[in-house]
Student: 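First the structure, then my questions, so here it is.
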2 protein chains.
Amino acid sequence: MGTTQLESVPEPKYWHLKTVLTEALDSEFSVGEILPNERELAARFGVARATLRQALEQLELEGRLQRRRGVGTTVAPPRVGVAVGTEQHAWPGAPGDDAWQAVDCTTAVPPAAVAAALETGRDEPVHTVRRTRMTHGQPVAAELLHIPAASVPDLTGIDAPSGPARARAVLRELQRLELEGRDSAVELGSARADDAKQLDRLPGAPVLVVTTRFFAEGRTAALSVATYRADTCRLTFGDSGGVEIHPDPERRAS
Amino acid sequence: MGTTQLESVPEPKYWHLKTVLTEALDSEFSVGEILPNERELAARFGVARATLRQALEQLELEGRLQRRRGVGTTVAPPRVGVAVGTEQHAWPGAPGDDAWQAVDCTTAVPPAAVAAALETGRDEPVHTVRRTRMTHGQPVAAELLHIPAASVPDLTGIDAPSGPARARAVLRELQRLELEGRDSAVELGSARADDAKQLDRLPGAPVLVVTTRFFAEGRTAALSVATYRADTCRLTFGDSGGVEIHPDPERRAS
DNA sequence: TAGTGGTCTAGACCACACC
DNA sequence: GTGTGGTCTAGACCACTAG
C-alpha cells in the first residue's frame, strides 16, 4: 500500500482514495487479512477519518471489505453466487432443499401491502413462515413467506400454534398444490432491525430484496419476501445451471 | 411533518430520523414535492447536518427520495419495474426491442475478467457495444455488450470502425445465431464514472449490475454487463409476465 | 481494560443549477 | 448572485469485542 499524499485534483478525495485502496487490495492483500485501523489509515493518507470512512463504505458496498465493530476491517472473500431462479422451480421448502431453515410461523391478518400482492381480501388470515438461508455456514438471507390460509386448508393435526414444527407443516401442505408459475422482482433495500439480526448485520445494511409470487389454482398461492445480504451475495437466475465464475475462493482465517 | 425534538433512546438518531421522515413522506407529501433544504431540516430536528444527511442517504437508497445538487430534495415516484428476464428470451437488440438504444461500438482485446467469462483466449478481439436503456424517457441502465469476433464472422460491408451504425450491424449479425440459453446474475455495485454519466447520476451511485451470458453453438456467444440505477429500478424476472404492483404512478412535475 | 468501528457535532468550502 | 446538495475537517463520545 502506498504511503502518503493525494494530488490536488478536481476528483473527490474519497473517490481517489477508493481507487488507491482497490489497487492495494488487488495486489497486496489476501482474503481475510486485517487492514490497519481507520485512524491509522486516515493519518497515513492525510485525510480526516470521515473521509477515509466514505471510501471504506463504498468498498464494503462493493463486497471488497468487511467491517465489524470492536474487531476491525478485513478483506472480504469474493461474493457467493446464490441461486434464486429455476434451481428450485418448485415450492419453497421442497424436499432436498436444505439451504433454507424454517425458524418460526405465525398466523394473522397481514399488512395491507402483503394482502394486496396476494390479492386476498382484508381480514383474511395468512400464515407467515420465517426462514433463514445458509451458505457455507453463514446466513445469507432472511425470508418472510406469506401463505393465505385458503392455500393450505387441510392444516390439521398440528396443535402447535407457532414455531418451527408448524412452519414445516405449513410448507408440507403447500407441496400438495400444483405449482403453475412464479415471477420475481429484485430491488435494493436496507435491512429492517429483525432481518439485520438474522443476517448478522447492523440495521440499515444494504440488502437485495427478492419478492416472488407463486401461482397455483389460478391464484397467488404464496408470496415470498427474501432479503439477501448485498455485500456478500450475487443472485443467479440461470436457466442453464449458473456456473461459478470465481474458482473456489480460498478462505483464510485471519 | 413533526416539529422538533428526538427522545434520548439507544437507537441511533439517524435511524429514528429516517423512521420519522418515512412516515411524513407517506402521509404528508406527494410525488415530486420538494422538501425543505438540509440545513433547514437539520435545524428543525435539532441535529447536525451530517446526521440528517445520513437519514436522507438511506431514504434515497430505498428509492423514497431523489436529491440533485443545486436543485434540492424531492419525493421520488415508486420504482419502475424493468423486465430483465424472459420478456426478451432472445438476443439483445432483437427487432421490436426499442427499450435499448445502441450508442457506440469498439473492437479490441478485452480486459482479463471479460475474456475469462467469455472463455475466449487472450488476444482474441471482442466487439463491445455500448447501449442505453430508456424507460418513460429516463435512462435506467447502461450496458456493455461483449461479443467475440468469432461469434459474428460475417461482419462485412460495414466500413464504419465504430459508432451506432456499426453497433447495430454487430447486433444484426448476432441474430443469425441460434440462441441456446442464457444465465444471469444480479449484484450490488457502484457506478463507474462513465456509467454514472450515462445514467445521469454521480459516480459511486448504487447500481444493480446484471451480468448475462448468452450461449450459442456450444459457446458463450455474448456477455452483457448492464448497470441499472438501484434507486429507481425494480428488476423483474417473471416467467408469467411480471405484473405491475404499483398502479400507474402519477408523475407530478414539481 | 484496551482497541475497534459506529455515531455525532459544528463548523467550512466547493460544484452546480437557476435566476 | 443566491441557494442547493456534495465534500471535508478535527475533534468527541458510544457500543462492541476480545484479551
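Numbered from 1 within each chain, the chains take letters A, B, ... in sequence-line order.
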Student: State whether the distance check finds a donor on one side and an acceptor on the other, under 3.5 Å, for side chain B/R49 versus base D/dG6.
Tutor: yes
Student: Restricting to side chain to side chain donor-acceptor pair (under 3.5 Å), what partner residues turn up for A/E187, sequence neighbours left out?
Tutor: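 Residues passing side chain to side chain donor-acceptor pair (under 3.5 Å) with A/E187: B/R79.
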Student: Report the distance from atom CD of A/E57 to atom P of D/dT7, rounded to the nearest whole Å.
Tutor: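 Taking CD of A/E57 and P of D/dT7, I get 12 Å after rounding.
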Student: On DNA chain D, nearest-nucleotide positions of B/A50 versus A/R39: which is more 5'?
Tutor: B/A50
Student: D/dG19 pairs with which nucleotide, Watson-Crick or G-U wobble, both distances below 3.5 Å?
Tutor: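 Paired with D/dG19, as far as the under-3.5 Å criterion goes, is no nucleotide at all.
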Student: Let me know the distance between OH of B/Y14 and P of D/dC13, rounded to the nearest Å.
Tutor: 21 Å
Student: For D/dT7, take OP1 and OP2 only and decide whether either is under 4.0 Å from a side-chain N or O of A/T51.
Tutor: no
Student: How many Å lie between CD on A/E60 and C1' on C/dT4, as a whole number?
Tutor: 14 Å
Student: Run B/R133 and B/E143 through salt bridge (charged side-chain N to carboxylate O under 4.0 Å, His left out) and show every step you take.
Tutor: CA-CA 8 Å; B/R133 183 168 181 170; B/E143 180 202 44; over 6 Å; no
Student: Nearest-Å distance, CD (A/E38) to P (C/dC8)?
Tutor: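 Atom CD in A/E38 sits about 15 Å away from atom P in C/dC8.
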Student: If the test is side chain to side chain contact (heavy atoms under 4.5 Å, CB included), which one of A/D231, A/T74, A/L59, A/V75 qualifies with A/Q66?
Tutor: A/T74
Student: Could you tell me how far apart B/R53 (CZ) and D/dT9 (P) are, to the nearest whole angstrom?
Tutor: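 Computing the B/R53:CZ to D/dT9:P distance gives 15 Å.
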Student: Output yes when at least one side-chain N/O atom of B/T73 is less than 4.0 Å from OP1 or OP2 of D/dG5, else no.
Tutor: yes
Student: Taking atom P of D/dC8 as reference, at what distance in whole Å does atom CG of A/L52 sit?
Tutor: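 Nearest whole value for this atom pair: 12 Å.
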Student: Counting heavy atoms from C-beta on, name the nucleotide in C/dT9, D/dG6, C/dC18 closest to the side chain of B/K13.
Tutor: C/dT9
Student: Does B/E60 reach the main-chain N or O of B/R67 with its side chain, forming a donor-acceptor pair under 3.5 Å?
Tutor: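 Yes; judged by distance alone, with no hydrogens or angles, the pair exists.
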Student: Any ion pair linking B/R229 and B/D195 (charged N to carboxylate O, less than 4.0 Å)?
Tutor: no
Student: Can you figure out which of C/dT7, C/dG6, D/dT4 approaches the side chain of A/R67 most closely?
Tutor: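 Out of C/dT7, C/dG6, D/dT4, the nucleotide with an atom closest to A/R67's side chain is C/dG6.
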Student: Looking at B/N37, I'd like to know whether one of its side-chain N or O atoms comes within less than 4.0 Å of OP1 or OP2 on D/dG3.
Tutor: no
Student: Identify which nucleotide among D/dA10, C/dT7, C/dA10 has an atom closest to any side-chain atom of B/A48, counting heavy atoms from C-beta outward.
Tutor: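 Within the option list, the nearest is C/dA10.
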Student: Can you work out whether B/G70 or A/G72 has the more 5'-proximal nearest nucleotide on DNA chain C?
Tutor: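 It is A/G72, whose closest nucleotide lies nearer the 5' terminus.
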Student: Specify the separation, in whole Å, of atom CD of A/Q58 and atom P of D/dG6.
Tutor: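 The distance from CD of A/Q58 to P of D/dG6 comes to 13 Å, rounded to the nearest Å.
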Student: Write down the distance between CD (B/Q54) and C1' (D/dG6), rounded to a whole number of angstrom.
Tutor: 15 Å
